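In what follows, a single structure is set out as structure tokens and then discussed.
The model shown is predicted, which means the values in this text are computed figures rather than measured ones.
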Amino acid sequence: MLALRLAMPGKAQPPLIGRAPLWAYLGGLSGALTVVLTSYAANSSLALTGTLALGLAGQVILALIFDRFGLLGMARRKPTRNDLISLALVIGGTLLIIFGRAQAGGQG
């Protein structure tokens, strides 16, 4: 809603308070890198499904790392058994997608 309000012409812009932390500027770089790598991988033998599966696995792994060490101002939290089971299932599914497709001769 705020983004829509900011984009409307003639509306007053809310004042910016302070400066953003340095790590906040890394979002654009990681977004550009994600687009480039996804475009490259989706057009390779990995295909779109494998690329999306790897992206999901990476997000789950990083979320657990951020929780464990309290990165970016998050509260520290040890991974639970359910967290680790979820991670194992996501990684297992990712491996099945990537290597199962290779076993099937790339068909599907």
Side-chain angles (χ1 to χ4, degrees):
M1 189 64 161
L2 177 63
L4 183 60
R5 200 173 108 214
L6 291 174
M8 297 176 82
K11 296 289 183 181
Q13 303 292 323
L16 295 176
I17 301 171
R19 292 183 49 132
L22 191 56
W23 59 262
Y25 295 101
L26 296 176
L29 179 63
S30 66
L33 185 62
T34 299
V35 169
V36 169
L37 291 177
T38 302
S39 297
Y40 178 76
N43 292 315
S44 70
S45 61
L46 187 59
L48 184 59
T49 306
T51 303
L52 293 174
L54 283 174
L56 177 62
Q59 287 178 355
V60 171
I61 291 168
L62 280 176
L64 289 176
I65 290 171
F66 280 30
D67 282 350
R68 176 66 180 103
F69 297 106
L71 300 175
L72 302 180
M74 297 185 67
R76 287 182 179 220
R77 181 180 75 84
K78 289 185 178 180
T80 64
R81 190 176 111 228
N82 286 345
D83 292 336
L84 298 177
I85 290 171
S86 299
L87 176 62
L89 290 172
V90 168
I91 291 175
T94 299
L95 293 174
L96 282 174
I97 289 170
I98 293 169
F99 295 113
R101 172 167 251 157
Q103 293 290 338
Q107 298 175 6

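Of the inter-residue distances, the one linking I91 atom CD1 with S86 atom OG reads 11.0 Å to the nearest 0.5 angstrom. Put simply, CZ on R77 and CZ on R68 are 11.0 Å apart, with the number rounded to the nearest 0.5 Å.
No path of Ile, Leu, Val, Met, Phe, Trp and Tyr side chains, each step under 4.5 Å between heavy atoms, connects L33 with Y40, placing them in separate hydrophobic clusters. In the hydrophobic clustering of this structure, L89 does not group with F99; members are Ile, Leu, Val, Met, Phe, Trp, Tyr whose side-chain heavy atoms approach within less than 4.5 Å, directly or through other members. F69 and L72 fall within a single hydrophobic cluster, where Ile, Leu, Val, Met, Phe, Trp and Tyr side chains are chained together by heavy-atom contacts under 4.5 Å. Two different hydrophobic clusters hold L84 and L95 under the rule that ILVMFWY side chains link at heavy-atom gaps under 4.5 Å.
Annotation: side chain of R76 is not in contact with side chain of D67 (no heavy-atom distance under 4.5 Å).
Side-chain contact of D83 with T80: a donor-acceptor pair under 3.5 Å is present, judged by distance alone.
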Show which side-chain atoms of residues 53-63 pair as donor or acceptor with protein atoms under 3.5 Å away, not counting sequence neighbours.
none

